[in-house]
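Right, one structure below, let's go through it.
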Amino acid sequence: MKSRYIRISTATQSTLRQLDRQHPDEKLFIDVISGSVPFNERPSAKDLLFEITMKTIDTVSCSSVDRLGRNAFNVQETIELFNKANVTLNVDNLGLSSIVNGKPNPIFKMICDVLSNVAQMEKENLLERQREGIKSAKAKNPDTYKGRVLGSIESDEVVLTKYKKVVSSIKKHPTLSYRAIAMIANCAPNTVKKVKAILDK
């Protein structure tokens, strides 16, 4: 089944521009939510990802890639989720599809690589700002930030609290594979395995 993802920030905004190239056979997923919210945390986006794991959706269209995440890094994560699920992504303003004639589109991949590089730069800048913040806080008060004790092990309770979304997804979809749950919860399959092992105790 084909689908189209649309995001607008407020209910007063129009979806007409994003519906410009809509086809009658596309199932619509519309989020009215701030663009600062990660893709996998948006209500309709979560519904879309779930249908992808159920293999009822094989094509996703959107007006532009910035509809798919809060920043370049999140957009890249979303695109990678589609790639792993073998879902074709069509981007209207680029006039490109991630898969053409059953094969990966090299031009689309090139664009994804650029996004990946930008995302890495954003991540490095974020980490650098974090390091500077910690350094500044320590300079003012050595006890302000101590971080996690080296060699410490998180308790089961801490793990379950830390991965509430994984816990919820496992309970809601107990028959799904680790990979499917990981896609819904936007985490690594090993994390799902770890949480499930605790829940099964």
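Annotation: side chain of F39 is not in contact with side chain of I79 (no heavy-atom distance under 4.5 Å). In this structure the side chain of M1 never reaches within 4.5 angstrom of the side chain of E26, judged on heavy atoms. Side-chain contact between D66 and V75 is absent, with no heavy-atom pair separated by less than 4.5 Å. The side-chain heavy atoms of K162 and V159, taken from C-beta on, include no pair separated by under 4.5 Å. Taking 4.5 Å as the limit, every side-chain heavy atom of N105 sits out of range of all side-chain heavy atoms of I99.
One finds the CD1 atom of I170 at 12.5 Å from the NZ atom of K193 (value rounded to the nearest 0.5 Å). Separation of atoms OG (S98) and CD1 (I107) is listed at 13.0 Å; rounding is to 0.5 Å.
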May I have the step-by-step check of side chain to side chain contact (heavy atoms under 4.5 Å, CB included) for H173 and T53, ending in yes or no?
CA-CA 11 Å; H173 312 290; T53 64; over 6 Å; no
I134/Q130 under side chain to side chain contact (heavy atoms under 4.5 Å, CB included): CA gap, chis, key distance, verdict:
CA-CA 6 Å; I134 293 172; Q130 184 182 46; 4.1 Å; yes
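Listed by chain and residue number, V167, V195, I198, L199 satisfy the side-chain contact (heavy atoms from CB on, under 4.5 Å) test with L160 (two or more places apart in sequence, or in another chain). Applying the side-chain contact (heavy atoms from CB on, under 4.5 Å) rule to D25 yields the partners K2, H23; only residues at least two apart in sequence or on another chain are considered. Not counting sequence neighbours, the partners of R131 by the salt bridge (Lys or Arg N to Asp or Glu O under 4.0 Å) test are E128. Scanning for side-chain contact (heavy atoms from CB on, under 4.5 Å) contacts around K164 gives T161, with sequence neighbours left out. The side-chain hydrogen bond (donor to acceptor under 3.5 Å, both in side chains) check on S14 picks up nothing, with sequence neighbours excluded. In this structure, D58 has no side-chain contact (heavy atoms from CB on, under 4.5 Å) partners at least two apart in sequence or on a different chain. Listed by chain and number, the residues in a side-chain hydrogen bond (donor to acceptor under 3.5 Å, both in side chains) with E157 amount to none (sequence neighbours excluded). Partners of S34 by side-chain hydrogen bond (donor to acceptor under 3.5 Å, both in side chains), not counting sequence neighbours, listed by chain and number: S36. The side-chain hydrogen bond (donor to acceptor under 3.5 Å, both in side chains) check on N101 picks up nothing, with sequence neighbours excluded.
Judged purely by atom type and a 3.5 angstrom limit, T191 has no side-chain atom pairing as donor or acceptor with the backbone of C187.
Around the NZ atom of K196, the shell of radius 6.0 Å holds no more than 12 heavy atoms that belong to other residues, nucleotides or ligands. The number of heavy-atom neighbours closer than 6.0 Å to CG of L28, taken from other residues, nucleotides and ligands shown, is above 12.
Applying the side chain to side chain donor-acceptor pair (under 3.5 Å) test to every pair with at least one member in residues 175-184, sequence neighbours left out, gives no pairs at all.
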Counting only pairs under 3.5 Å, give me each side-chain donor-acceptor contact of residues 80-92, with atom names and distances, residues two or more places apart or in other chains.
residue : atom : partner : partner atom : Å
N90     : OD1  : S97     : OG           : 2.4
N90     : ND2  : S61     : OG           : 3.3
D92     : OD2  : R4      : NH1          : 2.8

Sequence neighbours left out, cut at 3.5 Å: what donor-acceptor pairs do the side chains of residues 42-51 make with other protein atoms?
residue : atom : partner : partner atom : Å
R42     : NE   : V37     : O            : 2.9
R42     : NH1  : Y5      : OH           : 3.2
R42     : NH1  : R67     : O            : 2.9
R42     : NH2  : V37     : O            : 3.0
S44     : OG   : I30     : O            : 2.8
S44     : OG   : D31     : OD1          : 3.4
E51     : OE1  : T56     : OG1          : 3.0
E51     : OE2  : K27     : NZ           : 2.4

